[in-house]
Amino acid sequence: MNPAPIVGALAATTVALISLAVAQRLRPVLPEGEEADGPHPVLSTIGGGLLSGFVLLTGFLVATGWAAHSTQVVPPVGLYAADLAAGCAVLVYPSLAGLPFSARHATAVGLFGALVGYTLSLAIQLRP
């Protein structure tokens, strides 16, 4: 069994949960009776764009990495760096969008982080 994807999933989950916890810790305390502002509506489109870019780039790297074993045409290293940056942006986005650090949200962000880390590490491993 290959442990690299599991290590990648654990690392990404750790990044996502730590960013969520740090953002919650750095948020100012609201006065009594005042409700927290909801995220700006524009933030939902940014998250969708980040996720779409990450999915498309990772899918491209998986497909070309798989094909590179027979064609010997390897994607440039810069694309892997861009995919890593997009993955980190997707992992940190919930904390920047103001998602609270509750058990429900931490579970969702953690599971999503595991998926991001697993697919990213597999895309990197398919490179010959």
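- To the nearest 0.5 Å, atoms CZ (F60) and CG (D83) are separated by 11.0 Å.
- In this structure, the separation between CG on L84 and CG on L61 is 11.0 Å, given to the nearest 0.5 Å.
- Legend: residues meeting side chain to side chain contact (heavy atoms under 4.5 Å, CB included) with T107, ordered by chain and number and at least two apart, are L111.
- The two atoms that bring P75 and Y80 nearest to each other are CG-OH, 3.7 Å, heavy atoms only.
- The minimum heavy-atom distance between R127 and V77, with the atom names listed, is NH2-CG2, 3.5 Å.
- The one candidate from T14, L120, V116 that meets the side chain to side chain contact (heavy atoms under 4.5 Å, CB included) condition with L91 is V116.
- Across all their heavy atoms, A9 and A114 have their closest contact at CB-O, 3.4 Å.
- Contact check for T13 versus F112: no side-chain heavy atoms found under the 4.5 Å cut-off.
- Between P94 and V109 the shortest heavy-atom distance is CB-CG2, 4.0 Å.
- Between F101 and A106, the shortest heavy-atom distance links the atoms CE1-CB, 4.0 Å.
- The distance from the CD1 atom of I18 to the OG atom of S95 is 11.5 Å, given to the nearest 0.5 Å.
- You'll find the side chain of T64 stays beyond 4.5 Å of the side chain of V73, heavy atoms only.
- Residues satisfying the side chain to side chain contact (heavy atoms under 4.5 Å, CB included) test with V55, not counting sequence neighbours, are L51.
- Between A4 and Q125 the shortest heavy-atom distance is CB-NE2, 3.0 Å.
- With hydrophobic clusters built from ILVMFWY side chains whose heavy atoms lie under 4.5 angstrom apart, V15 does not share a cluster with Y118.
- Grouping the Ile, Leu, Val, Met, Phe, Trp and Tyr side chains by contacts below 4.5 angstrom, directly or via other members, places L57 apart from L122.
- Apart from W66 itself, the hydrophobic cluster it occupies contains V62, L126, where clustering links Ile, Leu, Val, Met, Phe, Trp and Tyr at side-chain heavy-atom distances under 4.5 Å.
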